[in-house]
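Okay, structure first, notes after.
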Amino acid sequence: MQRLFLLTLIIYLLLLAGLITRDGHVLGLSLIFMVYISFSILSAPRGLEMKFQRQMSSSRASPDSTVTIKTSITNIGSTLEEVKILENLPDNLSVCDGSASQILFLPAGKTTSWSYTIKGKRGAYNLDSIDVVTSDPFGLIQKTKSYPLDGQLFVVPPILRLKDVVIRPRRTRVYSGIVPSRTGGTGIDFLAVRDYKEGDPTHWINWRVSARYPSKFFSNEFEQERVADVGIVLDGRMRANLFTGNHSLFEYSVLAAATLVDIFLAQGNRVSLLLYGKSLQWTFPGYGKNQRERILRVLAQAQPGSSQVFEDLDNIPTRLFPAHSQVVLISPLIVEDVEMLMKLRARGYHVIIISPDPVTFEASFLPDQPETKLAERIVRLERVLMIKRLQRAGIQVINWDTSKPFDQIAHSHLGRRPLWIPSGDVNP
Amino acid sequence: MSRTISNLCFIVGTAVLSYSYLLTDYWIASLGFIVLGLFWFISQHYQYTWFSSWVLLIQSAVAATGIWLGFAPIYMAFAVLNGLLAWDLIAFHNRLTLIPPNNDFPTIERRHLFWLGITAVIGFLLSAVSGMLNIQLSFFLTLFVAIIAALGTVQMISWLRQ
């Protein structure tokens, strides 16, 4: 419109100058601009009738992977000299190859297509519209229309591969799995010796014990291995995750949650997710790949938030988790959380806390000064005391220095321990 | 190609204006056009797109002044036409450079130059022919034309506002 305004202004000024000077040649100068504008008006697009199709190579991706989007456009109206196609890509998505926007010449009935590759940060993105701007050949008069399209992209958090994670909740489910159930039956790990029962295989007979009692046989009993209920609580409270200079630990927590969801479901367990932050977002317990996908999509959209109601962990709805099941809390932890976590343990839940270390994290952004060092020491002491209190209550706490990869930490703290290391919770 | 043509048009337009003013001893004005031309090239280099609009406005004003001073109207019209072409091609070039090139760009450029050429020829011819016409209108016919012009202006303004 500014260009059109300029030309109109020049025409009126020339006409005015022509009338003042009473010179036809000055008026004649304005004809050049009039012809230019007239042509623009006559050739301006009357309507925009188009059909769009979009194909995405995948509706989900990880932060490192790329997604190729192919868009095709068919002009079902009149010939368009200049058509600008503008894809409304969200800020966190970037184009790696090709171009999302195009300028095209579209004769009537022509179909043209183009493709481009994008990648982005964790999140759920709606690619649900495309803007079309068309103009006359000189670009003076423009017409804009937005076309709705189907398209949603989930960039799910990266998943680190863990070999195994050992959990021992008090109660397991009926299906066989790999979680020791503390009950005798068929299994691998030795549990106890009992009287021989008719039908026991002969290789179960414990000959050493039976030799002590000439009139009786004894059989080995093995620990049944079953699947368990695992509830993962992801702490998305702003006050627990956000630190100096808007640095957030939440991405680390999401990474840990995604990795644990993956391994627990791969082990056959029934897994649920509770996102505790601005509000409660509960993913109903389930098994298998569908549940994995469901949880990953929730994690893709997870954002830290603050709410007065969920300021503390006191409002965790424990009824969501079956009694005596496994609860994994992923949280940087604050001192006020200790009481609630001890109550959770007292109710019979087997609690594991994965705690990205906020002290080391925040200290890495602070200047290397004696005052900072002293403050860091004080805060670290408070944190160590808090962790000791939790451990004394029977809660397994894994203090994760986020400068180290999570799989390394998880392997050393949650993996199957060699036989020569006594059982019990591992200290941070 | 559009960039080269726009530069060429601008040089021709400025040269015609400068030469016309130089012939009639307005050498300061002539020098001013050359300096303006240098600024124009600098502004193009630094992508100051607004500058070309001001230059077009100045060129039109200078051409109208030239006609009033008695310079050849055909030269002035030619200078204004070249200024308009340069201004249009710069805007066109800027529109295209916002988006990475694709296979349609040569076609779009070719068609743009074609339509621009036709418009330039028609505009120039009409401008030249209008200078030769000398029509005496009666008072009522003049009044009628004035009313039509006013209505046309109102219609155009309402159309643009839509």
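Throughout, a chain's letter reflects where its sequence line sits, starting with A, and its residues are numbered from 1.
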Take atom CD in A:Gln152; do more than 12 heavy atoms of anything else shown fall under 6.0 Å from it? yes
Which answer fits B:Leu116, side chain, backbone, both or neither, if we ask what part of it has an atom under 4.5 Å from a heavy atom of chain A? both
Of all heavy-atom pairs linking B:Ser130 and A:Gly28, the shortest is OG-CA, 3.4 Å
Chain A interface, residue from B:Leu126, B:Thr107, B:Leu57 that has the most non-hydrogen pairs under 4.5 Å: B:Leu57
Parallel, tilted or perpendicular: which describes the rings of B:His112 and A:Phe138, with under 30° parallel and over 60° perpendicular? perpendicular
Does B:Tyr26 have more than 12 heavy atoms from other residues, nucleotides or ligands lying within 6.0 Å of its OH? no
Criterion side chain to side chain contact (heavy atoms under 4.5 Å, CB included) on B:Trp50 and A:Gln2, from CA distance to verdict: CA-CA 10 Å; B:Trp50 52 270; A:Gln2 285 177 348; over 6 Å; no
Given that the side chain runs from C-beta out, which part of A:Ile37 has a heavy atom under 4.5 Å from chain B: side chain, backbone, both or neither? side chain
Which of A:Ser135, A:Gly18, A:Ser99, A:Ser43 touches chain B most, by non-hydrogen pairs under 4.5 Å: A:Ser99
Is there any residue in residues 61-69 of chain B with a non-hydrogen atom under 4.5 Å from a non-hydrogen atom of chain A, and which ones are they? B:Ala63, B:Ala64, B:Ile67, B:Trp68
Is the number of heavy atoms from other residues, nucleotides or ligands under 6.0 Å of A:Phe365 CZ greater than 12? yes
So with a 6.0 Å cut-off around OH of B:Tyr19, is the heavy-atom count from everything else above 12? no
Indicate yes or no: at least one non-hydrogen side-chain atom of B:Ile122 is less than 4.5 angstrom from one of A:Phe39. no
Where on A:Leu104 is there a heavy atom nearer than 4.5 Å to chain B: the side chain, the backbone, both, or neither? both
Which atom pair, heavy atoms only, marks the closest approach of B:Ser127 to A:Ile32? CB-CG1, 3.9 Å
Within the supplied structure, the quantity of interest is the number of heavy atoms (other residues, nucleotides, ligands) at a distance under 6.0 Å from B:Phe78 CZ; does it exceed 12? no
Residue among B:Trp87, B:Phe105, B:Phe124 with most heavy-atom pairs under 4.5 Å to chain A: B:Trp87
Select one option (side chain, backbone, both, neither) describing which atoms of B:Leu89 are under 4.5 Å from chain A's heavy atoms. neither
Please walk me through it: do A:Phe33 and B:Val80 pass side chain to side chain contact (heavy atoms under 4.5 Å, CB included)? CA-CA 9 Å; A:Phe33 296 98; B:Val80 165; 3.4 Å; yes
Chain B: which of A:Leu31, A:Ile41, A:Leu29, A:Val26 shares the most heavy-atom pairs with it under 4.5 Å? A:Leu29
Could you pull out the closest heavy-atom pair between B:Arg95 and A:Ile103, with the gap in Å? O-CD1, 3.3 Å
Name of the residue among A:Ile10, A:Leu7, A:Leu9 meeting side-chain contact (heavy atoms from CB on, under 4.5 Å) with B:Ser60: A:Ile10
Strictly less than 4.5 Å between heavy atoms, which residues of residues 60-92 of chain A line up against chain B? Please order them by number. A:Glu81, A:Glu82, A:Lys84
A:Gln53, CD atom: more than 12 neighbouring heavy atoms under 6.0 Å: no
To the closest 0.5 Å, what do you measure between CG (B:Leu85) and OH (A:Tyr36)? 8.5 Å
Would you say A:Lys121 has more than 12 foreign heavy atoms packed within less than 6.0 Å of its NZ? no
